[in-house]
Amino acid sequence: MKHFSASDGLQIAYDDRGEGTPVLCLPGLTRDMRDFEPLLAARGQTARIIRMDLRGRGESDWDPNPLQGYTVPVEARDVLELLDHLGISRAVIVGTSRGGIIAMYLAAIAKQRLAGVLLNDIGPTIEQAGLDAIMTYLGKRPAAKTYEQAAQGLARFYARAFPGVDAAQWQVWARRWYDQDADALQLRYDPALRDASEAGGPAPDLWPLFAELGQVPLAALRGENSDLLSERTFTAMKAMHASMITATVPDRGHVPFLDEEESLTTFDRLMEEIG
C-alpha cells in the first residue's frame with residue numbers, strides 16, 4: 001500500500017498492481033480498497049488493478065472538515081489527482097455504489113480521462129429503501145465484539161438479499177470491513193460520514209451525469225435483490241445507452257462481490273471492447 005498527498009494535504013492510500021490497461025477501483029460510501037480483493041485475485045494477471053481508499057476510509061486520512069470534504073466533487077478531485085500522481089492519462093473506472101456516482105461525475109467534468117466505466121449496482125435513481133438501509137448502520141460501531149459475531153449478524157441482516165451466503169463467507173467480508181482490537185470491532189471509516197450524508201440533503205438528479213457516459217465504453221451490474229438500484233431504473237439505463245453491457249447477478253443484493261461469473265464476464269466484455 002502507498003500514499004500520495006492530495007492538493008489539500010490529506011494522505012490518500014492506494015494499491016497499484018499488475019500491468020496492462022489501468023483499472024481504477026472506487027469503493028462504496030463506507031467501504032475501502034479491500035472490497036476489490038476478489039476482482040484483484042481474479043483479474044490481477046490481465047490488467048493493472050489500482051485500488052483506492054477514498055478520504056476518510058481505510059488507510060486514508062480523515063478529513064478535518066467532513067461536511068465539505070466528504071462530497072462527490074472533492075472525492076472526484078482526489079481520483080484525478082491520483083491518476084496524475086501515477087502519470088495515467090486515461091483509466092477504466094470500476095465504481096461500486098458511491099464509486100459509481102463519482103464515475104458519473106467524472107464523465108461530466110473530465111470525460112477524456114475515462115477509458116471505460118463499469119457501474120456496480122448503482123444508477124441515476126437511488127431507491128429510498130436502499131438509502132434507509134444504509135442509514136441503519138452508517139457511522140455506528142458494530143455491536144459485535146468479534147469477527148465471528150459480526151459474521152453471524154451479517155448473515156441474518158443479508159439473508160434475503162444474499163441467499164446462500166453463509167456466516168463463514170460473511171466472516172471474510174467482516175474482516176475486510178472492520179478492524180478488531182482487544183475487546184471490540186472498529187469501523188474502517190470516519191463516523192462523520194454520517195454527518196456529511198445527512199447534511200447533503202436529498203439525492204440530486206443524476207440522470208444528466210449518467211447521460212454523459214454515452215460516449216464512454218460502459219457496463220453495468222445489478223444485484224438481483226438490490227434495494228438501491230431497481231429493475232425499473234436498470235431498464236431505463238439500458239434504454240438511454242443501448243450499447244451498454246449489462247448483467248443481473250443472481251442471489252446478490254447491494255452490492256455484488258465482483259467474483260461472480262456474471263460480474264467477471266461483464267468486466268471481461270468491457271475490457272475487450274476497450275481493447
Side-chain angles (χ1 to χ4, degrees), residues 15 17-18 20-52 91-104 114-124 126-127 130 154 158 160-166 168-177 210 213 216-231 233-235 237-238 241 243-275:
D15 181 77
R17 305 189 196 187
T21 302
V23 177
L24 177 57
C25 301
L26 303 180
L29 177 64
T30 65
R31 308 288 183 82
D32 58 47
M33 69 173 72
R34 294 185 183 188
D35 263 28
F36 296 100
E37 288 177 357
L39 181 62
L40 176 64
R43 295 295 182 265
Q45 301 302 314
T46 59
R48 180 180 177 183
I49 304 294
I50 304 161
R51 300 175 298 147
M52 180 179 184
V92 178
I93 303 294
V94 176
T96 291
S97 197
R98 172 78 159 217
I101 296 175
I102 295 171
M104 287 187 268
L114 303 179
V117 170
L118 170 56
L119 301 174
N120 184 18
D121 207 64
I122 190 67
I126 301 173
E127 299 300 318
L154 290 169
Y158 288 113
R160 290 188 177 182
F162 291 81
V165 180
D166 60 21
Q169 292 170 283
W170 282 121
Q171 186 171 159
V172 174
W173 287 96
R175 291 177 179 274
R176 291 174 176 144
W177 295 344
F210 180 71
L213 288 169
V216 178
L218 180 61
L221 295 168
R222 177 180 181 268
E224 179 183 33
N225 304 318
S226 176
D227 57 2
L228 201 81
L229 175 59
S230 70
E231 187 173 1
T233 297
F234 202 46
T235 299
M237 291 165 65
K238 289 185 280 188
H241 298 315
S243 63
M244 182 174 67
I245 301 164
T246 62
T248 297
V249 185
D251 296 335
R252 293 290 182 265
H254 184 73
V255 292
F257 298 151
L258 298 180
D259 60 357
E260 305 89 357
E261 179 181 353
E262 295 81 5
S263 296
L264 294 174
T265 297
T266 299
F267 175 82
D268 291 344
R269 289 180 61 193
L270 177 64
M271 298 300 285
E272 290 169 4
E273 179 177 329
I274 294 166

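None of the values given here were measured: they were computed from a predicted structure.
- Between A220 and M237, the shortest heavy-atom contact is CB-CE, 4.3 Å.
- Between atom CE of residue M104 and atom CG of residue L213 there is a gap of 7.0 Å, rounded to the nearest 0.5 Å.
- Atoms CG and CD1, from L119 and I245 in turn, are 11.5 Å apart once rounded to the nearest 0.5 Å.
- When all heavy atoms of G95 and I122 are compared, the pair lying nearest together is O-CG2, 4.2 Å.
- Rounded to the nearest 0.5 Å, atoms CG (D15) and CZ (R17) are 4.0 Å apart.
- With sequence neighbours excluded, the residues satisfying side-chain contact (heavy atoms from CB on, under 4.5 Å) with Q171 are Y147, E148, A151, R175.
- The two residues E37 and R176 have their closest heavy-atom pair at OE1-NE, 2.8 Å.
- Side-chain N or O atoms of H241 include none that pairs as donor or acceptor with a backbone N or O of V216 at under 3.5 Å.
- Residue L258 forms a side-chain contact (heavy atoms from CB on, under 4.5 Å) with just one option from L264, L40, L221, and that option is L221.
- Relative ring orientation between F162 and Y158 is described as perpendicular, the plane-to-plane angle rising above 60° on a 0-90° scale split at 30° and 60°.
- Within the model, atoms CG of L26 and CE of M33 stand 11.0 Å from one another, a figure rounded to the nearest 0.5 Å.
- Rounding to the nearest 0.5 Å gives a distance of 10.5 Å between CG of L118 and CE of M244.
- Contact between D251 and E224 at its shortest, heavy atoms only, is N-OE1, 3.0 Å.
- R269 CZ: 12 or fewer foreign heavy atoms inside a 6.0 Å radius.
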Next on the checklist: The test is side-chain contact (heavy atoms from CB on, under 4.5 Å); show your working for F267 and V94 and say whether it passes.
Outcome noted: CA-CA 9 Å; F267 175 82; V94 176; 4.2 Å; yes
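- The side-chain heavy atoms of E127 and T233, taken from C-beta on, include a pair separated by under 4.5 Å.
- Enclosure of atom CD in Q45 is not indicated, since only 12 or fewer non-hydrogen atoms of other residues, nucleotides or ligands lie within 6.0 angstrom.
- Closest heavy-atom contact between I274 and G116: CD1-CA, 3.9 Å.
- Between C25 and L39 the shortest heavy-atom distance is SG-CD2, 4.0 Å.
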Checklist entry - Can D268 and R43 be said to form a side-chain contact (heavy atoms from CB on, under 4.5 Å), step by step? => result CA-CA 9 Å; D268 291 344; R43 295 295 182 265; 2.7 Å; yes
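- By the side-chain hydrogen bond (donor to acceptor under 3.5 Å, both in side chains) test, S97 is found to be paired with H254, residues two or more places apart in sequence or in another chain being considered.
- Residues W173 and D35 bring no donor and acceptor atom of their side chains to less than 3.5 Å of each other.
- With rounding to the nearest 0.5 Å, the separation of CD1 in I93 from CG in L218 is 12.5 Å.
- Among L229, T96, L228, the one residue that satisfies the side-chain contact (heavy atoms from CB on, under 4.5 Å) test with V255 is T96.
- Put simply, the side chain of N225 does not reach to within 4.5 Å of the side chain of R160, judged on heavy atoms.
- For P256, the side-chain contact (heavy atoms from CB on, under 4.5 Å) test picks out N120, D121, V249, R252, E260, S263, with sequence neighbours left out.
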